2 protein chains.
Amino acid sequence: MSQARTDTRERIEQVALKLFTEKGYDRTSLREIAEQLGVTKAALYYHFKSKEEILQGIVSGRRKDVQELVDWASTLPRNLESRKEILKRIAALVESKWRPMIRFAQANQTRMGMRHADDETPPLDYMRQLLSLVSDAGAGPTAQFKSILAVVGLLIGAIGMDTLFPTESDADFSQIALEVAFELIS
Amino acid sequence: MSQARTDTRERIEQVALKLFTEKGYDRTSLREIAEQLGVTKAALYYHFKSKEEILQGIVSGRRKDVQELVDWASTLPRNLESRKEILKRIAALVESKWRPMIRFAQANQTRMGMRHADDETPPLDYMRQLLSLVSDAGAGPTAQFKSILAVVGLLIGAIGMDTLFPTESDADFSQIALEVAFELIS
DNA sequence: GTCTATAGAAGGATAGAC
DNA sequence: GTCTATCCTTCTATAGAC
């Protein structure tokens, strides 16, 4: 059948996401991406006009979720219950869809602070928006700090425990992180 | 006097640390380092035999502190008071000497996971040792998770608050982080 | 849509004069 | 201890055939 492969663009992003996460954006060459896909560099340039654009494709594709979350959260009253709901939703997203993206962002932090297109918000700013959702601006600095630590904890629980501090137990750290997060904002 | 500049090696490390932190190791070229120092690339190669060695110089120079801390902590009895003392000491070190190094490590995470010389422990492993000091191996997963979050909180308090989530208040987040850390391990 | 071939740039590293 | 000049490799990116 030699099917026409209409999903090549997507496959490129998948492989790139994997390699960018493992080795970092800069140490990943287009040759390497092409090799893993079984195509040549030139083929990549048919789908993306630059290496930078591959990165953008990966990031932009995931923007929507954050934006939706922010929009939804903005409609909620600003109280403890809301913040708990927001944490829950963040935890669920981290668990279900964001995990690879978070690992990627962690591995390419300096890149994430850069603007990609002139009109685009740097990806790091989305993280900041997320944090501001959970932190109560009116509260004191201690409460604000705890809120941030709660969110960071969710990320660590979902992605960091194995890499950061391998433990024997196969406990569900995502669930634990959520409970600790609740304690922290209460 | 045109002094002989006996401190060039050190000055190279300083500039390199700064640039590696701001832009990442890979995006920093030797040309750039040399330019900021007012010398040429070739001059760098008199002091270091490779770019990688500059990185090693930066990292190794700071190994001693961690090792001392680990050694000291190993002599303590394994109880709550000890863990509080360890947290205090970590907080003090972060505050006084480690700040630039932590920023650097954060900006070059994938690099930090790599072994530099064959006989060397990857820098990331020092972080793991640090975490294991504070976490009570006998305790349940929730307690372990909290311990790790306590240490991470110390780092965020000292370096991350401005960058991660700029706040108007000029509160001393290092102090706050330490208090929250105590709560978390209690 | 993928290929070969190659241009063009940049970086790491070395040789040798001073 | 620092310089100029140069080499080698690797990478991004493009041109053009199939």
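It should be emphasised that the depicted structure is a prediction, and the values quoted were computed from it without experimental measurement. Here is the naming used below: chain letters follow the sequence lines, and residue numbers restart at 1 for every chain.
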Just how far, in rounded Å, is P of D:dA17 from OH of A:Tyr45?
21 Å
B:Glu10 atom CD, neighbour heavy-atom count above 12 within 6.0 Å
no
Of the listed nucleotides C:dG12, D:dT4, C:dT4, the one nearest the side chain of B:Ala42:
D:dT4
Would you say a side-chain N or O of A:Arg31 is under 4.0 Å from OP1 or OP2 of D:dC11?
yes
From CZ of B:Arg27 over to C1' of C:dG11, roughly how many Å is that when rounded to an integer?
15 Å
Given C:dG11, C:dT2, D:dT12, identify the nucleotide with an atom nearest to the side chain of B:Ser29.
C:dG11
Let me know the distance between CG of A:Leu44 and P of C:dC3, rounded to the nearest Å.
9 Å
Among D:dT2, C:dT2, D:dA13, the one nearest A:Val39 by side-chain distance:
C:dT2
Selection from C:dC3, D:dC3, D:dT12 that lies nearest to any side-chain heavy atom of A:Lys41:
D:dT12
NE2 of B:His47 versus C1' of D:dC3: gap in Å, rounded?
13 Å
Assign each of A:Thr28 and B:Gly38 to its nearest nucleotide of DNA chain D by heavy atoms, then name whichever residue's nucleotide is nearer the 5' end.
B:Gly38
Is it true that A:Arg128 and A:Asp125 have a side-chain N and a carboxylate O under 4.0 angstrom from each other?
yes
How close or far is atom P of C:dG1 from atom CD1 of A:Ile12, stated in whole angstroms?
11 Å
Grab the NZ-P distance between B:Lys49 and C:dA15 for me, whole Å please.
15 Å
Give a yes or no on whether the backbone of B:Arg111 and the side-chain of B:Asn108 come within a donor-acceptor separation of less than 3.5 Å.
no
Short N-O contact, A:Arg89 and A:Glu85, less than 4.0 angstrom
no
Which part of the nucleic acid, if any, lies within contact of A:Thr40, taking any heavy atom under 4.0 Å across all strands shown: a base, the sugar-phosphate backbone alone, or nothing?
base
Between B:Leu30 (CG) and C:dG12 (P), how many Å, whole number?
4 Å
Starting at OH of A:Tyr46 and ending at C1' of D:dC18, how long is that distance when rounded to a whole Å?
15 Å
Looking at B:Phe48, does the NZ or CZ of B:Arg9 lie under 6.0 angstrom from its six-membered ring centre and within 45 degrees of the ring axis?
yes
Can you tell me if A:Thr8 touches the phosphate of C:dT2, counting only side-chain N or O atoms and a distance under 4.0 Å to OP1 or OP2?
yes
